[in-house]
Amino acid sequence: MNQNNKDDTGANKGLMDFIQESQQDVLESNYSETEENGNDDDFSDDEEEEFEDYEQILEEKGKDYVLLAPENLSASYLIDVKYDGKNEKAYVKLFNPDDEKVYRWYDSTNHLPYLLTTVKKTDVEHILKNEKEYIGCELVKRYNRLNQKNISLTKVLATNPLAIGGRSKSYREKIKPSFEANIRYHLNYIYDNALVPGLFYEIVDNKLIRKEPRLQDEVKKNIMAIFEGQSKEILELVEQYLPLFFAPIPSLKRCSVDIEVESEKNKIPDPNTATQKVISVGITNEKQQTCVYVLNENKKPIDRSKITVDVKEFDKESELLIEVFKEMSRYPLVITFNGDSFDFLYLNNRAKKLSIEESVIPFVLTRTQDIYLVNGIHLDLYRFFRQPAIRIYAFGGAYERNTLDELGRTLLNKEKLKHDKDIWELNLEELIEYNGRDAEITFELTSFKNNQVIELIIMLSRITKMPIDDFTRASISIWIQNWMYFEHRIRNNLIPRQEDILRLKGDTSTEAIIKGKKYQGAIVIEPQAGVWWNVYTLDFASLYPSIIKTRNLSYETINCSHQECKKNKIHETKHWICEKQVGISSMLVGFIRDIRVYWFKDRAKDQSLTERERTQSNVIQSSLKVLLNASYGVFGSDNFALYCPPVAESTAALAREAISKTKQYTEEKLGLKVLYGDTDSIFVHKPTPENVKELEKWSMDTFQIELGTDYIFRYCCLSDRKKNYFGITTKGTPIVKGLMGKKKNTPELAKKPFEKALKILSDVQNPDDLDNAKERIIKTIKRVNQKISKREFELEELAISVTLSKKIEQYDSWTQPLQAAIQLIINFPDGEKPTVGSLISFIKTKPFKIQSHDIKLSDKISKSNECSVKPIQLANKSDVDIPKVKELLKSTLIQLLDTIGISWSESIEGQKSLDSWFS
DNA sequence: TGTAGGCACCGCTTGCACACGCT
DNA sequence: AGCGTGTGCAAGCGGTGCCT
């Protein structure tokens with residue numbers, strides 16, 4: 001029997017056994033052998049012959065680089081799991097640190113694609129009687145979390161994943177209901193064998209066996225102590241995850257690749273046609289050596305004194321490419337920035353165009369337009385850094401836009417080389433330097449801060465059980481889905497279908513405040529306008545995940561079938577929660593919350609530890625933070641596999657309850673004034689240290705959630721606008737939230753006086769200083785206002801920069817950014833077309849009409865042609881609409897001024913008219 | 001080609017009341 | 001009187017960026 005099926009009683013009791021067992025013999029064959037498969041692998045001992053044998057089963061493309069694993073291989077790093085369609089087998093890629101080579105190991109257990117169904121075996125055989133790819137059925141048992149019952153199922157096996165799902169006549173279309181039929185095969189392979197990408201495995205007699213890291217007994221003991229008294233399931237999770245956290249992360253040998261392509265003026269080279277020559281390729285390796293492979297057909301002399309990198313010259317483009325491919329194949333990990341859509345796509349198509357032999361082209365294109373490497377793995381940093389969860393939670397929003405230049409500038413403090421010319425005008429030396437710098441920046445994005453990014457990627461890959469190249473291309477809901485699927489499978493739990501969850505639990509019962517939303521969300525406490533001295537902001541530590549944990553929220557525990565549980569109601573909703581079963585998402589989210597808060601978070605800052613221990617702890621805590629912060633939201637997102645609106649709704653409702661009760665307690669029991677609050681925080685006026693302590697204790701006793709102090713404001717200015725305030729901390733640091741002066745689309749002209757005013761306010765120590773500061777602020781602003789009247793400004797200072805969030809033809813409203821984008825298209829027909837993500841800069845002008853355009857637009861606005869803005873590229877100073885600029889300055893600064901009691905019309909405008917009266 | 005909902009602000013769009021002029 | 005059209009206004013809505 002399949003080892004995964006032996007735990008017929010379901011639930012979690014077999015998990016520890018399972019882990020133990022998997023260490024000894026992970027991949028013991030489970031199925032009765034089917035001898036149909038012609039490629040059965042009795043590998044010869046002779047190495048050369050061995051290669052002969054394998055050659056026929058390897059795909060043509062890139063096969064020169066593939067090295068098959070020997071019968072026995074020392075501990076190697078599991079970097080990838082894939083499926084080989086020609087051989088109908090899963091394989092893994094192992095990086096062996098001893099010889100620094102990547103080996104490919106094909107499944108030796110005859111693991112097969114399958115689906116599960118409640119249809120009886122005889123009926124299945126009837127349905128599939130003419131199917132050549134059908135192999136047979138097995139009877140298996142699973143535990144169904146949704147109804148808490150063991151269930152007998154038919155496991156339908158096929159030779160090929162496409163037979164199961166992915167075609168119009170796949171088995172999953174014919175056999176209904178079918179379960180677990182839409183999981184990609186290589187992921188199934190990972191789950192079934194409990195593989196963890198990023199851990200060490202060795203091959204013994206052609207079996208893949210996990211190598212356990214050594215754990216310090218002391219560390220283990222201390223961590224177990226954190227979870228003392230918690231349920232058995234949680235303790236098992238700790239055991240399961242400690243090796244993932246503490247296995248060393250080896251420094252992966254790797255290189256970055258960046259290409260430059262010959263191009264005509266104002267034309268972007270098209271990687272699909274690849275009609276232009278590749279003129280240079282920069283490669284940087286882990287020793288920080290950069291080499292630029294440059295095409296020099298006319299053998300122009302290169303002045304080496306002007307060059308800081310290594311150079312290899314080629315007079316034939318095809319030779320250049322072949323050499324680059326060969327160099328890339330030496331690395332288990334190859335990094336690009338946007339390689340999926342440009343560099344590698346271009347190289348691939350260009351190589352075909354130049355008739356380079358398939359066997360030396362290392363790329364594999366997938367249906368979803370990702371590009372994998374035959375031998376190593378391809379990490380496209382553009383895809384990784386683009387993830388909102390990564391941008392915000394792992395990097396604190398350090399970069400705004402996902403471009404190589406901005407990432408380099410904000411994370412590395414290293415900019416792309418600037419030049420006035422365009423690529424095709426550069427001389428060879430300039431081209432080499434430029435290309436080399438891009439390759440360097442790309443590489444350093446993975447190596448800065450002791451390889452922070454690469455370690456983050458590997459740690460998240462271990463936790464989510466996704467191969468690195470899948471993981472870096474997928475979004476956060478897929479990460480969490482995969483993580484939870486894995487945890488279902490190793491517990492022998494049936495993975496529920498989204499439709500079943502929805503049918504049983506789908507309804508929400510609260511009304512959202514914003515039209516079009518599914519349920520009610522957070523509370524924002526009405527701010528008390530004014531200047532407040534000595535203000536504490538208290539907030540709950542990861543409130544939503546904490547609620548999921550403490551209140552046992554999960555798709556199977558919400559609205560369970562037990563009559564007795566119905567009394568366990570959730571505030572303001574119709575939902576109740578199960579008291580008999582521990583919810584799987586509650587358990588998983590709770591576990592990573594606890595271990596982050598109680599272990600890794602402190603250790604990331606603990607000066608008594610070594611630097612190495614600190615950075616590793618930091619990598620782990622930020623990985624966990626990324627998952628935690630998304631763990632609530634995914635349940636409210638209909639493209640999440642375990643989508644369960646009542647779970648999300650209940651989480652939000654319980655959070656509302658927590659914050660309201662806290663406000664009430666603070667006001668009524670402690671007699672303090674609550675000035676403001678948002679979601680998980682309250683602003684308290686003048687609490688004593690004892691007050692704060694009492695609140696912390698009360699919160700722990702009432703909700704089992706930590707309430708901590710975030711900022712202590714010397715003073716804090718609130719207006720009547722929510723999510724809109726600023727304060728100066730006791731250390732003199734200004735904290736600004738939501739004010740227009742901070743928004744990225746506000747023109748510099750308004751931002752500058754805003755910043756100045758803020759600086760003045762930072763120095764204010766007491767109410768008397770404030771009056772003084774007000775005077776100075778008024779003067780500053782008046783000066784700016786006068787300058788505007790006299791048109792004393794640069795055009796750039798007025799630019800409003802906005803990101804397009806949709807394609808041009810999808811806009812239903814004739815908005816200003818759209819007007820500017822269309823003018824750009826009309827005036828620069830060969831230029832880069834504005835589209836999703838483009839940053840458009842424009843200035844406000846008096847209304848004017850543009851020539852009727854033949855750009856495809858939505859029906860609603862296709863006839864519009866009157867514009868109120870001009871893109872900065874086309875505008876003159878004389879176009880500027882002065883009253884509108886003043887309006888803009890006013891609305892930006894008024895947010896700041898009215899909180900400190902300055903009236904715009906009296907202090908700024910009124911004063912000005914007096915001035916002019918006297919002069 | 002998505003983790004959620006709540007909020008501020010800008011400016012276009014739309015619907016309505018009303019005036020007006022024509023038949 | 002009945003109808004179409006122009007005008008001014010306010011509310012609604014689309015869009016962007018932000019907060020938690």
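Chain letters run A, B, ... following the sequence lines, proteins first and then strands; every chain starts at 1.
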Starting at the 5' end of DNA chain B and moving along, which residue's nearest nucleotide shows up first, Val836(A) or Gly516(A)?
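Nearest-nucleotide comparison on DNA chain B picks Val836(A).
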Taking for each residue the nucleotide of DNA chain B bearing the nearest heavy atom, is the 5' side occupied by Ser475(A) or by Lys860(A)?
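So the residue in question is Ser475(A).
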Looking only at the side chain of [X] (C-beta and beyond, no hydrogens), which of the listed nucleotides [options] gets closest?
{"X": "Ala389(A)", "options": "dT3(B), dA8(B), dT20(C)", "answer": "dT3(B)"}
{"X": "Lys515(A)", "options": "dT13(B), dC13(C), dA4(B)", "answer": "dC13(C)"}
{"X": "Arg721(A)", "options": "dC9(B), dT13(B), dG6(B)", "answer": "dC9(B)"}
{"X": "Asp812(A)", "options": "dG14(C), dT3(B), dA8(B)", "answer": "dG14(C)"}
{"X": "Lys844(A)", "options": "dC10(B), dT3(B), dC12(B)", "answer": "dC10(B)"}
{"X": "Lys807(A)", "options": "dC7(B), dG15(C), dT1(B)", "answer": "dT1(B)"}
{"X": "Lys737(A)", "options": "dT3(B), dG5(B), dC19(C)", "answer": "dC19(C)"}

To the nearest Å, how far apart are [X] [atom1] and [N] [atom2]?
{"X": "Ile808(A)", "N": "dG15(C)", "atom1": "CD1", "atom2": "P", "answer": "12 Å"}
{"X": "Glu809(A)", "N": "dG15(C)", "atom1": "CD", "atom2": "P", "answer": "13 Å"}
{"X": "Tyr632(A)", "N": "dG5(B)", "atom1": "OH", "atom2": "P", "answer": "6 Å"}
{"X": "Phe540(A)", "N": "dT20(C)", "atom1": "CZ", "atom2": "C1'", "answer": "13 Å"}
{"X": "Leu718(A)", "N": "dA8(B)", "atom1": "CG", "atom2": "P", "answer": "13 Å"}
{"X": "Lys625(A)", "N": "dT3(B)", "atom1": "NZ", "atom2": "C1'", "answer": "16 Å"}
{"X": "Ile525(A)", "N": "dT20(C)", "atom1": "CD1", "atom2": "P", "answer": "13 Å"}
{"X": "Tyr725(A)", "N": "dA8(B)", "atom1": "OH", "atom2": "P", "answer": "14 Å"}

NA contact type, [X], heavy-atom cut-off 4.0 Å: base, sugar-phosphate, or nothing?
{"X": "Pro817(A)", "result": "nothing"}
{"X": "Ile513(A)", "result": "sugar-phosphate"}
{"X": "Tyr519(A)", "result": "sugar-phosphate"}
{"X": "Ile523(A)", "result": "nothing"}
{"X": "Gly521(A)", "result": "sugar-phosphate"}
{"X": "Lys742(A)", "result": "sugar-phosphate"}
{"X": "Ser868(A)", "result": "sugar-phosphate"}
{"X": "Ala522(A)", "result": "sugar-phosphate"}

Passing option when Arg473(A) is tested against Asp380(A), Asp340(A), Thr366(A) for side chain to side chain donor-acceptor pair (under 3.5 Å):
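Going through Asp380(A), Asp340(A), Thr366(A) one by one, the side chain to side chain donor-acceptor pair (under 3.5 Å) with Arg473(A) is satisfied by Asp340(A) alone.
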Quick one: is [X] getting a side-chain N or O under 4.0 Å of the [N] phosphate, OP1 or OP2?
{"X": "Ser477(A)", "N": "dT3(B)", "value": "yes"}
{"X": "Lys722(A)", "N": "dC19(C)", "value": "no"}
{"X": "Thr803(A)", "N": "dG17(C)", "value": "yes"}
{"X": "Ser631(A)", "N": "dT3(B)", "value": "no"}
{"X": "Lys806(A)", "N": "dG14(C)", "value": "no"}
{"X": "Gln816(A)", "N": "dG15(C)", "value": "no"}

Report for the helix from dA4(B)-dT20(C) to dT23(B)-dA1(C): angle between first-end and last-end helix axes, five pairs each, rounded to 10 degrees.
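Rounded value for the end-axis angle: 30°.
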For Lys505(A), look at atom NZ and say whether over 12 heavy atoms of other residues, nucleotides or ligands are found less than 6.0 Å away.
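Yes - once you tally the heavy atoms of other residues, nucleotides and ligands closer than 6.0 Å, there are more than 12.
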Whether over 12 other heavy atoms sit under 6.0 Å from Gln851(A) CD:
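No, the 6.0 Å shell around CD holds no more than 12 heavy atoms from other groups.
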Do His575(A) and Asn559(A) have side-chain atoms, one donor and one acceptor, less than 3.5 Å apart?
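There is such a pair between these side chains.
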Distance-only side-chain donor-acceptor flag, Gln816(A) / Ser868(A), under 3.5 Å:
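Yes, because at least one side-chain N or O of Gln816(A) sits under 3.5 Å from a partner of the opposite role on Ser868(A).
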Decide, yes or no, whether a salt bridge links Asp678(A) with Lys737(A) under the criterion of side-chain N to carboxylate O below 4.0 Å.
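A salt bridge is absent here (no side-chain N lies under 4.0 Å from a carboxylate O).
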Using a strict cut-off of less than 4.0 Å between a Lys/Arg side-chain nitrogen and an Asp/Glu carboxylate oxygen, indicate whether Asp594(A) and Lys549(A) qualify as a salt bridge.
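Looking at Asp594(A) and Lys549(A), the cut-off is met.
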Thr729(A) backbone acceptor or donor facing Thr733(A) side chain under 3.5 Å:
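No; zero donor-acceptor contacts below 3.5 Å.
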Hey, would you say the Phe385(A) and Tyr399(A) ring centroids sit under 6.0 Å apart?
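So the answer is yes for these two rings.
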Could you check whether Tyr715(A) and Trp532(A) have their ring centres less than 6.0 Å apart?
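That pair fails the under 6.0 Å test.
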Does the structure place the NZ or CZ of Lys870(A) under 6.0 Å from the centre of the six-membered ring of Phe848(A), at an angle of no more than 45° from the ring's axis?
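Yes, cation above the ring, under 6.0 Å and within 45°.
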Tell whether Lys723(A) reaches the base of dC19(C) with its side chain through a donor-acceptor pair below 3.5 angstrom.
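In this structure, the two groups form a donor-acceptor pair.
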Non-neighbouring partners of Glu400(A) that pass salt bridge (Lys or Arg N to Asp or Glu O under 4.0 Å), sequence neighbours left out:
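Lys744(A).
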Set out, in order, the CA-CA distance, both residues' side-chain angles and the distance that settles ring pair (Phe, Tyr, Trp, His ring centres under 6.0 Å) for Tyr536(A) and Phe713(A), then state yes or no.
CA-CA 6 Å; Tyr536(A) 276 58; Phe713(A) 287 125; 9.7 Å; no
Can you pull out the residues from residues 891-899 of chain A that lie within a 4.0 Å heavy-atom distance of DNA chain B?
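Contacting residues: Ser891(A), Gln895(A).
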Near DNA chain B, counting only heavy atoms under 4.0 Å, which residues of residues 543-550 of chain A show up?
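Contacts with DNA chain B under 4.0 Å: none.
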Quick one: side chain to side chain donor-acceptor pair (under 3.5 Å) partners of Asn552(A), sequence neighbours excluded?
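Listed in chain order: nothing, the list is empty.
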Report all side-chain donor-acceptor pairs from residues 795-804 of chain A shorter than 3.5 Å, counting only partners two or more places apart or in another chain.
{"unit_1": "Glu797(A)", "atom_1": "OE1", "unit_2": "Glu794(A)", "atom_2": "N", "d": "2.8"}
{"unit_1": "Glu797(A)", "atom_1": "OE2", "unit_2": "Lys752(A)", "atom_2": "NZ", "d": "3.1"}
{"unit_1": "Ser801(A)", "atom_1": "OG", "unit_2": "Ser841(A)", "atom_2": "OG", "d": "2.9"}

